[in-house]
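Below is one structure, written out as structure tokens; comments come after it.
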Amino acid sequence: MAAAVALVDAGLTPTVFEAGPVLGGRARRIDIDGRQIDNGQHLLIGAYTELLALMCQVGVDPAAAFLRTPLDLRVLPDFHLRCARLPAPLHLAAGLLGVRGLSWPERWALIRAVRIAQTAKWQLAADLPVGAWLAAQRQPTSLVESFWRPLTVAALNTPLETASTQVLFNVLRDSLGGARPASDLLFPILDFSALFPDAAATYIQARGGQVQLGATVRGVTKTEAGWLVNDAQFDGVVCALPPHRLDMALAGVAAAEPALTLLAAWDFQPIVTIYLQYADHVALPQPMVGLADGLSQWVFDRGHTHATPGLIAVVLSARGAHSSLNQNELTAAVVKELQQHFSWGTPSWTRVISEKRATFACTPNLSRPANATSDPSLWLAGDYTASDYPATLEGAVRSGLAAARGIIAAI
Ligand SMILES: Cc1cc2nc3c(=O)[nH]c(=O)nc-3n(C[C@H](O)[C@H](O)[C@H](O)COP(=O)(O)OP(=O)(O)OC[C@H]3O[C@@H](n4cnc5c(N)ncnc54)[C@H](O)[C@@H]3O)c2cc1C
């Protein structure tokens, strides 16, 4: 959708083929049991500048779309890091000095690690797993469990033992290491289709483009005149399928072969979101709280954001101990953990949404396909293309805009 917005802005008339019944892909609205929820709880940060700019462009006011707070990471039982409302870098310095739940040696270890990364301008000589880098920085186990592990798995959707330190640094550079608003947390108060893609579709259609829902691309073929997508003729193609589906459209297209070969070797990581409806009075003191001592990783209170009191979303990112449990076992385990921490009782409604290939596994030195292919009228877009970022909404938007710039120049 980002690419299509840029294409209509350049005076072209793109057609978007979307296989699903709603727009948004891995960040979309779903209707279940009469409730409107998202396929997975998402969190954005202030550093998502391109997505925020694009939302404004298509008429969605970020001030009305998000609950925006300064960075506030509370991880139970007792870790709490809060950035002060001060200009950078004082916001971070004050946050690190004031962090709760750490002994002084642990606090200094955290400050030392952040300083080392900052001094190196968030650039490693050679990438390595986050766990190995933390061990080299002599980060105490309790600090790793209460801060680094939840942060890494939330940012990269990859276990700390195998996650790329360089990509984590890139995220920290643009958030904690940036201006103070860059590290703000943005909790969506709209559903994910309304947040950007629905408005983008209206914008695209008003400018001569088309958006087709339920339109699965079954084949893309190069012809003398350009490209055939299913049976329709086009001058160029931006392929924005998810990485594990790329071959569905591009198998047999010579220019896509190098990308398909790279992607065939990739590992993907799941994300499970468990929605639980408790009594109306159930609430967290803030929209999101982490749990360091069980299966549940981040607990979101959608009463803060979606006017749905008592509706809680628990996020379990990446593969882990929870992966061997079936949905009933997982729900029971999560309900038990929430009961232990908050005494919320039994939920009246639950729903497990499991995205098996939520993101690519963001491992060190991962070779990612470029936007460009060897054919100047075929471009790739999506969160997986080569960039500084892990699989994120901002990465996907930047990739879409880059692909659009490339194909506009080419055709
Ligand atoms: C549960 C979950 C939680 C997440 N949490 C966060 C978060 O908190 N913050 C964050 O920044 N990111 C998060 N992400 C990642 C983020 O959602 C993705 O990085 C982003 O949505 C990827 O966008 P994309 O356009 O690259 O791919 P997709 O969103 O996958 O879009 C690809 C589209 O192609 C369509 N398609 C597939 N095959 C065909 C076909 N043959 N023909 C036509 N259309 C087809 C799909 O239906 C889909 O709409 C999360 C992801 C998940 C799954």
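In each ligand, atom 1 is the first atom listed, and ligand 1 is the first ligand listed.
- Summary of contacts: the protein heavy atom closest to atom 34 (O) of ligand 1 is Pro242 CD, 3.6 Å.
- Ligand 1 lies less than 4.0 angstrom from a heavy atom belonging to Gly24.
- Two rings, from Phe187 and His304, have their centers 6.0 Å or more apart.
- Under a 3.5 Å cut-off, the side chain of Ser317 and the backbone N or O of Asn157 do not form any donor-acceptor pair.
- Annotation for ligand 1: atoms under 4.0 Å from non-hydrogen atoms of Ala391 are 15 (C), 19 (O).
- Across the listed options His42, His244, Lys356, His42 owns the non-hydrogen atom lying nearest to atom 51 (C) of ligand 1.
- Contact atoms of ligand 1 toward Tyr48: 9 (N), 10 (C), 11 (O) (distance under 4.0 Å to a heavy atom of the residue).
- Atom 49 (O) of ligand 1 has its nearest heavy-atom neighbour, among Gln41, Glu18, Glu394, Arg357, in Glu18.
- Among the atoms of Ala19, some N or O lies under 3.5 angstrom from an N or O of ligand 1.
- For Asp38 and Arg302, the salt-bridge test passes: some basic side-chain N is under 4.0 Å from an acidic carboxylate O.
- The closest protein non-hydrogen atom to atom 32 (C) of ligand 1 is Ala240 O, 3.4 Å.
- Closest to atom 23 (O) of ligand 1, if we only count protein heavy atoms, is Ala396 CB, 3.5 Å.
- Considering Leu393, Leu43, Thr359, Leu316 only, the shortest heavy-atom separation from atom 9 (N) of ligand 1 involves Leu43.
- Asp198 and Ser193 share no donor-acceptor pair across their side chains, judged by distance under 3.5 Å alone.
- The closest side-chain donor-acceptor pair between Asp191 and His306, if any, does not fall under 3.5 angstrom.
- By the 6.0 Å contact criterion, CG on Asp231 is open, its count of non-hydrogen atoms from other residues, nucleotides or ligands being 12 or less.
- Taking the centre and axis of the six-membered ring of Tyr389, the NZ or CZ atom of Arg398 falls inside the cone set by 45° and 6.0 Å.
- Nearest protein heavy-atom neighbour of atom 19 (O) of ligand 1: Asp383 OD2, 2.7 Å.
- Polar contact check, Thr216 against ligand 1: no nitrogen or oxygen pair lies under 3.5 Å apart.
- Atom 38 (N) of ligand 1 has as its closest protein heavy atom Leu241 CG, 3.6 Å.
- Checked by distance only, ligand 1 and Arg245 stay at 3.5 Å or farther apart across all their nitrogen or oxygen atoms.
- With respect to the salt-bridge test (charged N to carboxylate O, under 4.0 angstrom), the residues Lys222 and Asp375 qualify.
- For atom 2 (C) of ligand 1, the nearest non-hydrogen atom of the protein is Ile271 CD1, 3.5 Å.
- At least one heavy atom of Ala215 sits closer than 4.0 Å to an atom of ligand 1.
- Taking a cut-off of under 4.0 Å to the non-hydrogen atoms of Gly382, the atoms of ligand 1 that pass are 26 (O).
- Against a heavy-atom cut-off of under 4.0 Å, Gly40 is close to the following atoms of ligand 1: 1 (C).
- A donor and an acceptor atom, one from each side chain of Gln269 and Thr158, are nowhere located under 3.5 Å apart.
- Ion pairing of Arg28 with Glu355 is present here, as a side-chain N (NZ or NE/NH1/NH2) and a carboxylate O approach within less than 4.0 Å.
- What sits closest to atom 30 (O) of ligand 1 on the protein, heavy atoms only, is Arg26 NE, 2.7 Å.
- Here atom 41 (N) of ligand 1 lies nearest to Val217 when heavy atoms of Val22, Val217, Asn39, Ile45 are compared.
- Looking only at heavy atoms of the protein, atom 53 (C) of ligand 1 is closest to Ala358 CB, 3.5 Å.
- Applying the 4.0 Å criterion to heavy atoms of Met248 picks out, from ligand 1, the atoms 41 (N).
- The ring pair (Phe, Tyr, Trp, His ring centres under 6.0 Å) with Tyr278 is formed by just one residue from the set Phe342, Trp344, Trp349; it is Trp344.
- In this structure, Arg207 is positioned above the aromatic face of Tyr203, its NZ or CZ under 6.0 Å from the six-membered ring centre and within 45° of the axis.
- Trp266 and Phe360 have their aromatic ring centers within a separation under 6.0 angstrom.
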